[in-house]
Amino acid sequence: MKKTSHPQSLKRPSWFIISLLAVISTITLFIGHPLNSKAAAAETNTHLAVATDPDNFSIAYGSYDSPTELPNVIGSIIDLDTATEQNPIEFTPTDGGQFYIDDMVDGNAVWTVNNDKITMTDTSIANPNIDGYVASGLDKLVSGTVLLFTARHGDGTANHFYFKIITNNTIPEISETNAGYGVYDATDVLTDFTNMQPNTSENPIAFTASKGVIFYVEDINDDKAVWSSDNANLTLTKNTDGLGYRVTGLDSVVSGTVVKFTARQSYDSTSDYYFKITNSNTPAAETNPGYALYDANGTVGQLTGIKPNTAQSPVALAVPNDGRLYLADPKNAAATWTTDNDKIKVAKDTSRDGYQVTGLNSLTPGTVAKFTVHYPNGATGDFYFKFGTASTPGDGSTGGSNTTAGGNNTTTGTTGSGTPNGIIPPATTNGTSTGNPGTGSSATMASSQTNGKAPATTSNTTVPTAKNVAAKGTVIYGLKKVGLYKSPTFKASNRLAWYPKQKRVNRPMFVVTGYARSANGTLRYKVCDVNHGRKTASKTGYLTASKKYVGPVYYATVPKNKRITVIAKTGINAYKSATLNGKAKHYKAGIRLTVKKLVKHNLTTRYQLSNGLYVTANKKLVIVGNN
C-alpha cells in the first residue's frame, strides 16, 4: 500500500524517531520478518483475512488531548510480536486524555476496537491535517483492561494490536458492588448508615418510615451511579455534594409495600435493592381479589378468592369453554387488571366493576399466564394461572375457597387477611421482580408448552421436540438482559454473569450444548459463551430458554421481499460457495442485497444472492428487509 503523507506540523522529534523506527522496521521486515501466527489467523466471524504482507504495518500510538493539539506520540509498533493478547503494550492515558493510534503506512486504514465502551473517531474529521484515529471512553474502563485495536485496509486485510490500559480508576467489577442506606435527622445530619448488597423481593430489607423521613441511598464505590425507584410516590434527588441520593415520600407509601431502588453504575451495570416499608402514617388498603366464570347467559358465577402466588405454584384452572374469565376486587372497584400474555386480552367488563379476560381457549394446555391487579395507591399483586383441560386443569394450588362477590374472604389467606396490614405485596418471583428471566411466567410458559408436566431437574434432559427450542449445537443470542447460572435452578447465589440488553450488532452469543430443567420443570439451555474478547468468553452454564429473552442468531427463512441489508459496521464478504470459501466480493454496511434462497451449512445458514454468491445469514451482520 502507498503510505499517505503526514502533515508538516507533525514533524516533531517524536515523529522523527517514529519515522526512523518505521524505516528500520521496513528494512527488517523486507528481509523476512515472520508474522505473528495468532495475528495472522483468519477472522471467522467477519470473514476478513489478516494481512500477510509484512510491509502493511508500522504503527504509531500515544495520547491525544484535543483536536486543536497535535498527538503526543510515545511509541511505535514495528513488530507484531510486541502486541499480542498475552503480552499487550501498557498505556496510561493522561488526565482527560484519549488514546491515539495511526497506521503510518496506510493513512486510510479504518480502526476499530473490541470494547463497546470505547468510541473510535477518525482524527481527520476534526483536523484534516492529522491522520489516524482517537479512542475515547478510557475513563469507563477498569484499570488493567486489555483492548484489541484492529486496522482494516482497503484490500480486506487487517492487523491486530493489543494494549493494556492502566488508569487510576477505582471502578469496581460488577460483582463488587458496595452500597448503603441511611436517614437524615432533624439537623440534616446523615445517621444510621448501613451497608447493603443487591437483593430480591423475597428477602427485602425491612425499613420503618417515620413521618417526614428523608431516606438516603449511595453506591459507595461509584459516586456517578444514578438511582431510581419503581414507586411513583417517591422523589429521588442527587445530593449537592455529588454523593448519593435523597429520597422523599416514603411516609406516603402504603404500609407493607415492597419498594425497589435501582442503581445504574457509570460502568453500564445495574443493581437492585428491595425494601419492605412499614408505615403507620398511611392505612393499609383493604383488598379481596378473586376470579369467577361466566355462564351461557353472560352472568358471572360465584367469586373465588385468590392470593398472590408464583409461577411455580399457579392456580390450576380448566380453560372455560367460551374462553372467558372474570377478575375483580369487590372491596376496591377502582382496581385495574393486566396480563403478560399477548394471546389473551383483559378489558373492563362494561356491566360490572371487574375485568373480563378473553381468548383463553387459544392457549396451549398447560400454559401459565400472569395477571396483575393495580390499585390507585400504587400497590400491585401478581396472580399466576395454569390453564389445562377439563380433566387435567393443572398441578398448581386452587388459590382459595369460594366466596360471594363483595364478601369477606376469611378462609383463603388472601391479602385481606393473610398478609401484613392487608396489602398485596409485589410478585415474589425472580422473573418479574428482579428482571431475571427464566424464573418467571415466560420461562414457565416455555416449559409448560414443551412438556405439560415438569420432570425433575437434570442436566441430561433429552432434546426437546417443541417448536422454537434451539437445536443442540446452534448459536443463540440475548434479546434482553439475561443471566448465566451454574445450575438450571436460577438463584442470585449461583449467577455467573449478567449480560445487559444490547443493540443488535452487539448482542451476546452462546452455543447450545445441551438441555436441563429447573427444580420446577422450567426448560433451560446449557450453553457456552462465545463472546470472544470479553471476560466471560468460554464460560459455561445455564441460560433461560424463553424465546422472549433469547433467539437464534441465524435466519431460518427467506424474507418475503427477498431483500436483506448489510448492518455489520465493517461490511460482509460474499463467497463462491456456501462454505464461505473463495472470497468474491465485499459489501459495505447499508448495501441492500437480493436473496435467491436460504442454504443450510451444518448448524448455520447462508443466503444465496441473485448473483449466485453466498453471504452469511447471521442476524448480527445482516437484517431482512430494505431498512
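In this text, all values refer to a predicted model and were calculated from it rather than measured experimentally. Values below: every heavy atom of this structure, side chains too, minus hydrogens, waters and symmetry copies.
Annotation for Lys472 and Gly514: closest pair CG-N, 4.3 Å, computed over non-hydrogen atoms. Across Ile118 and Ala135, no two heavy atoms sit closer than the pair CG2-CB, 3.7 Å. Counting all heavy atoms, side chain and backbone alike, Ala545 lies closest to Leu523 at CB-O, 3.5 Å. Scanning both residues, Tyr607 and Thr616, for their nearest heavy atoms gives CD1-O, 4.2 Å. Of all heavy-atom pairs between Asn573 and Val615, the closest is O-CG1, 3.8 Å. Shown here for Ala584 and Leu613, the closest heavy-atom pair between the two residues is CB-CD2, 3.7 Å.
Interatomic distance, OG of Ser362 versus CG of Asn341, reported as 7.5 Å (0.5 Å rounding). Expressed to the nearest 0.5 Å, how far CG of Asp382 lies from NZ of Lys370 amounts to 4.5 Å. In this structure, the separation between OG1 on Thr489 and CD on Gln312 is 9.5 Å, given to the nearest 0.5 Å. How far CG of Asn494 is from OH of Tyr542: 10.5 Å, rounded to the nearest 0.5 Å. With rounding to the nearest 0.5 Å, the separation of OG1 in Thr262 from CG in Asp272 is 4.0 Å. For the atom pair Ile572 CD1 and Ile591 CD1, the distance stands at 10.0 Å (nearest 0.5 Å).
With Phe163 as the fixed residue, the ring pair (Phe, Tyr, Trp, His ring centres under 6.0 Å) test singles out one of Phe149, Phe91, Tyr100: Phe149. For the pairing with Arg152, the side-chain contact (heavy atoms from CB on, under 4.5 Å) check across Thr112, Asn159, Thr157 returns one residue only, Thr112.
Formation of a donor-acceptor pair under 3.5 Å by the His601 side chain with backbone atoms of Arg606 is not found in this model. Between the Arg592 side chain and the Thr565 main chain, no donor and acceptor come within less than 3.5 Å of each other. Counting only distance, with no hydrogens or angles, the side chain of Asn506 and the backbone of Pro508 share no donor-acceptor pair below 3.5 Å. Using a distance-only test at 3.5 Å, with no hydrogens or angles considered, a donor-acceptor pair links the side chain of Asp230 to the main chain of Lys260. Under the 3.5 Å distance criterion, the side-chain polar atoms of Ser63 are left unmatched by any main-chain donor or acceptor of Gln98. Judged purely by atom type and a 3.5 angstrom limit, Thr123 uses its side chain to pair as donor or acceptor with the backbone of Gly132. When atom types are taken as modelled, the side chain of Lys345 and the backbone of Val357 share no donor-acceptor pair closer than 3.5 angstrom. Side-chain atoms of Asn618 do not come within 3.5 Å of backbone N or O of Tyr554 as any donor-acceptor pair. Checked by atom type and distance alone, the side chain of Asn127 never pairs as donor or acceptor with a backbone atom of Ser124 at under 3.5 Å.
Among residues two or more places apart in sequence or in another chain, the side chain to side chain donor-acceptor pair (under 3.5 Å) test is passed with Thr338 by His374. Listed by chain and number, the residues in a side chain to side chain contact (heavy atoms under 4.5 Å, CB included) with Lys596 are Gln608 (sequence neighbours excluded). Taking the side chain to side chain donor-acceptor pair (under 3.5 Å) definition, one finds that Tyr555 meets it with Arg504, sequence neighbours left out.
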Next item on the list: Please test His153 against Asn108 for side-chain contact (heavy atoms from CB on, under 4.5 Å), starting from the C-alpha separation and ending with a verdict.
Entry: CA-CA 7 Å; His153 310 287; Asn108 294 319; over 6 Å; no
Checklist line | Check against side-chain contact (heavy atoms from CB on, under 4.5 Å), Arg563 and Thr594 | finding: CA-CA 5 Å; Arg563 301 278 284 181; Thr594 302; 2.9 Å; yes
Note to self: As a quick check of understanding, evaluate side-chain contact (heavy atoms from CB on, under 4.5 Å) for Lys526 and Val512, giving each step before the final call.
What the structure shows: CA-CA 6 Å; Lys526 187 174 183 181; Val512 177; over 6 Å; no
Next item on the list: Kindly determine whether Ser577 and Thr579 satisfy side-chain hydrogen bond (donor to acceptor under 3.5 Å, both in side chains), including the steps that lead there.
Entry: CA-CA 5 Å; Ser577 71; Thr579 60; 2.7 Å; yes
Margin query: Could you walk me through whether Leu621 and Val566 satisfy the side-chain contact (heavy atoms from CB on, under 4.5 Å) test, starting with their C-alpha distance in whole Å, then the side-chain angles of each, then the deciding distance to 0.1 Å, before giving a yes or no?
Written below: CA-CA 6 Å; Leu621 304 178; Val566 178; over 6 Å; no
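Between Val482 and Thr544, the closest side-chain pair of non-hydrogen atoms falls below 4.5 Å. Here the side chains of Pro365 and Val319 are not in contact, with every heavy-atom distance at 4.5 Å or above. Contact of the Thr121 side chain with the Thr119 side chain is registered, since non-hydrogen atoms from C-beta on lie closer than 4.5 Å. Thr339 has its side chain out of reach of Thr372: every pair of non-hydrogen atoms, C-beta onward, lies at least 4.5 Å apart. Here the side chains of Ile344 and Leu363 are in contact, with some heavy-atom distance below 4.5 Å. When side chains are defined from C-beta on, Tyr499 does not count as touching Val550, because their heavy atoms never get closer than 4.5 Å. Looking only at side-chain heavy atoms (C-beta outward), Phe161 and Leu148 stay at 4.5 Å or farther from each other. Using a 4.5 Å cut-off on side-chain heavy atoms (C-beta onward), Lys386 and Thr367 make no contact.
Geometrically, Arg507 engages Tyr477 in a cation-pi contact defined by less than 6.0 Å to the ring centre and at most 45° from the axis. The cationic group of Lys480 lies under 6.0 Å from the six-membered ring centre of Tyr549 and within 45° of the ring axis, placing it in a cation-pi geometry. Under the 6.0 Å distance and 45° angle rule, Arg524 counts as a cation-pi partner of Phe490.
Two rings, from Phe385 and Phe371, have their centers less than 6.0 Å apart.
Donor-acceptor pairing under 3.5 Å is recorded for the side chains of Thr270 and Lys481.
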